[in-house]
Number of protein chains: 2
Amino acid sequence: MARRTKQEADETREALLDAAEHVFLDRGVARASLDEIARFAGCTRGAVHWHFGDKLGLFLALDERLILLQDEMKRRLCSDEAAPPLEHMAESITTALTELENDPRRRRLLTIMLQRCEYVAEMAPALLRRRQADAAIRASLRDSFRRAAERGELSADWPPERAALFLQALIGGFLNEWLRGEADFTLAGEVCAAVRGFLSCTAVKPVS
Amino acid sequence: MARRTKQEADETREALLDAAEHVFLDRGVARASLDEIARFAGCTRGAVHWHFGDKLGLFLALDERLILLQDEMKRRLCSDEAAPPLEHMAESITTALTELENDPRRRRLLTIMLQRCEYVAEMAPALLRRRQADAAIRASLRDSFRRAAERGELSADWPPERAALFLQALIGGFLNEWLRGEADFTLAGEVCAAVRGFLSCTAVKPVS
DNA sequence: GTAAAGATACCTTCGTGTATGTATATAAAC
DNA sequence: GTTTATATACATACACGAAGGTATCTTTAC
């Protein structure tokens, strides 16, 4: 219809984002049609164009949701500068992975961004933001390892840069596997254990 | 034209696959048009339909090339049952990564399969084969770790299953990062070093 | 009244599938 | 060794739907 109250308008907007989440997930971003998304949300393409302009706008708005979650993760990593860095990282990561595992919405979002979209030229703005978010996480990890090194808790075999790169690749690899769906492991279980296993490798060995 | 010799026909087939490689890479599988691919190869859509039936057929034929490379990797892992397993794995992986890094074609293929295509329902056959190839690699890794365990060379902290999962996730994560293009590391350098770093973590520690 | 919030209608572009045309390699027949 | 027949290897043309953009209504909050 027309001009609902501002709150109602925001509800339609959210409904559209939710719909996009579902449709993108099972049809892929490229093959999903705006009409399908609109009808899934109970309205028409008019609403989509009004709120998001075009398909890329819709995608970016959806992606924004995930960026926020990554920012949260980053803040968590930097939150407690006093705590032993390696243990603090282990706990932050455990928390994040557990939350992800228990929140189907986050999982859908991540699946879309990692496995249901083709990052080609036209997606440049999306790709850029994604890069920046990843770089920020990596920087936080590196800083944590640096603090560990300053405290004499990091093995000389693992310079902070490399350790951060390793850890990010490891988690990314696990996530990809997990998102594929037929994983024979859980995030809170095996993956967290693997992360802790690596972190204990990077710690200075107690002299026995 | 018409009825060329069998060799010429094979040449067009290869040309089409090469063209698909390029067009899929920079337009994404979903947005790439058969016409664009055909013209890139110097022929028309007729040839595409003749050789591959439809777009999915073309994609699968292209994917086949990558599957063959994965099979090669798997055979390499199983090749030398007498050698010390951990070292043999390190060398096999080093070889494979080095080859990948020096062969732009393999890189294009991998990029397409990991970052330029949306694995939705219609892609089921492609997805299935990909899963199987991955599972085969993982089984080979697991077997190698098992042999290491039997020889008393594997730390008790790392059961073969977990070690294999870890290693595959790690490499997969690195590959994804590397394929993104602006990686600040090399496969033959940092990634191989990381793999060796992990493998030495899984080895029984020399009693000091 | 006017601008926000959408619905509807229309147009255009693009891509695919399919059908059909056509020339030639190649094998069989004689 | 020709001729003939047929399957091969494409090219061309057409029909069709799907999807997106835009422009124009319509309603209602303020």
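Below, chains carry the letters A, B, ... as their sequence lines are ordered, and counting in each starts from 1. All figures in this text were calculated on a predicted structure; none of them were measured in a lab.
- Under a cut-off of 6.0 angstrom, the local environment of CZ in A:R31 is sparse, with at most 12 non-hydrogen atoms contributed by other residues, nucleotides or ligands.
- Distance, A:R27 CZ to D:dA19 P: 6 Å, rounded to whole Å.
- Atom-to-atom, CD of B:E11 to P of D:dC10 comes out at 10 Å; the value is rounded to the nearest Å.
- Contact annotation: B:H51 side-chain N/O to D:dC10 OP1/OP2 distance is under 4.0 Å.
- In this structure, CZ of A:R13 is placed 15 Å from C1' of C:dG6, rounded to the nearest angstrom.
- Of the candidates C:dG17, C:dG6, D:dA11, the closest approach to any side-chain atom of B:D54 belongs to C:dG17.
- Counting to the nearest Å, the C1' atom of D:dT12 and the CZ atom of B:R39 are 14 Å from each other.
- As judged by a 4.0 angstrom heavy-atom cut-off over every strand, B:A38 is placed among residues making no nucleic acid contact.
- Around CZ of B:R65, the count of heavy atoms belonging to other residues, nucleotides or ligands within 6.0 Å exceeds 12.
- Taking atom CG of B:L16 as the reference point, atom P of D:dA11 lies 9 Å away to the nearest angstrom.
- With rounding to whole Å, A:D35 atom CG is found 12 Å from C:dA7 atom C1'.
- Comparing A:W50 and A:R45, the nucleotide of DNA chain C nearest to each residue sits closer to the 5' end for A:W50.
- In this structure, the ring of B:F174 has its center less than 6.0 angstrom from the ring center of B:F185.
- Atom CZ of A:R162 has 12 or fewer heavy atoms from other residues, nucleotides or ligands within 6.0 Å.
- Distance from the side chain of A:A9 is smallest to C:dG6 among D:dG21, D:dA11, C:dG6.
- Between the CZ atom of B:F24 and the P atom of C:dG15 there is a distance of 13 Å, rounded to whole Å.
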>> salt bridge (charged side-chain N to carboxylate O under 4.0 Å, His left out), that's the test. Do A:E99 and A:R106 meet it? Break it down for me.
In response: CA-CA 9 Å; A:E99 281 181 19; A:R106 295 187 191 199; 3.0 Å; yes

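- Each of D:dG20, D:dT12, C:dA7 was ranked by its minimum atom distance to the side chain of B:T44; first place goes to D:dT12.
- Nearest to the side-chain atoms of A:L34 among the listed nucleotides C:dT16, D:dG21, C:dG6 stands D:dG21.
- Across all strands shown, A:A30 has no heavy atoms under 4.0 Å from either base or sugar-phosphate atoms.
- Note on A:T12: every side-chain N or O is 4.0 Å or more away from OP1 and OP2 of C:dA5.
- To the nearest angstrom, C1' of C:dT16 lies 14 Å from CG of B:L58.
- If you find the closest nucleotide of DNA chain D to A:S33 and to A:G46, the one lying nearer the 5' end belongs to A:S33.
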